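Report on one structure; see the data block that follows.
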Amino acid sequence: PTQTVLSSIPAGGSVFSQPVVFTVKVVPTYVPGVLPSGFVQIYLDDEPLKKQTLINNLATFTLSSIPASLKKMHHIKAVYLGDQTYASSG
């Protein structure tokens with residue numbers, strides 16, 4: 001199965017108004033010579049936030065602000081949407 005690994009800088013979150021850079025790595029069941037392609041859907045608290053293009057198994061995005069009404073602990077999730085070779089991760 002295809003998996004996604006999500007990491008952030010700074011690791012573990014940020015302080016108020018500090019942007020966070022996220023990197024999503026898609027880890028597929030290996031097919032020789034074929035890298036995953038397509039898109040990764042990013043979710044903030046289970047709501048779709050943005051879709052990022054996958055380049056060389058990676059997608060990167062910056063979350064620079066969250067509306068004031070949402071200043072609480074948040075959950076970021078990334079789901080690989082799949083392509084002709086690899087299934088989605090979610």
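The shown structure was predicted, so the numbers you read here are calculated from the model rather than taken from an experiment.
Val26 has its side chain within reach of Val40: a pair of non-hydrogen atoms, C-beta onward, lies under 4.5 Å apart.
Proximity of a side-chain donor or acceptor of Gln41 to a complementary backbone N or O of Lys50 within less than 3.5 Å is detected. Remark: the backbone N or O of Pro36 is not paired with any side-chain donor or acceptor of Asp83 at under 3.5 angstrom. The backbone N or O of Val27 sits nowhere less than 3.5 Å from a side-chain atom of Tyr80 that would complete a donor-acceptor pair.
If you take OG on Ser7 and NZ on Lys25, they are separated by 10.0 Å, rounding to the nearest 0.5 Å. The line from CG of Leu63 to CD1 of Ile42 is 10.0 Å long, rounded to the nearest 0.5 Å. Rounding to the nearest 0.5 angstrom, the gap separating the NZ atom in Lys77 from the OG1 atom in Thr4 is 9.0 Å. Here Ser37 contributes atom OG and Ile55 contributes atom CD1; the two are 11.0 Å apart, rounded to the nearest 0.5 Å.
Each of Leu58, Thr60, Asn57, Leu6 was compared with Val24 under the side-chain contact (heavy atoms from CB on, under 4.5 Å) criterion, and only Leu6 meets it.
Closest approach of Gln52 and Ala59 over heavy atoms only: CB-CB, 3.9 Å. Among all heavy-atom pairs drawn from Thr2 and Tyr86, the shortest one is OG1-CB, 3.9 Å.
Residues forming a side-chain contact (heavy atoms from CB on, under 4.5 Å) with Phe39 (at least two apart in sequence, or on another chain): Lys51, Thr53, Leu81. Every residue was checked against the side chain to side chain donor-acceptor pair (under 3.5 Å) condition with Ser88, not counting sequence neighbours, and none meets it.
Within the structure, ring-ring contact (aromatic ring centres under 6.0 Å, His included) pairs that include any residue of residues 43-64 comprise Phe22-Phe61 (at least two apart or interchain).
One hydrophobic cluster holds both Leu54 and Leu49 under the rule that ILVMFWY side chains link at heavy-atom gaps under 4.5 Å.
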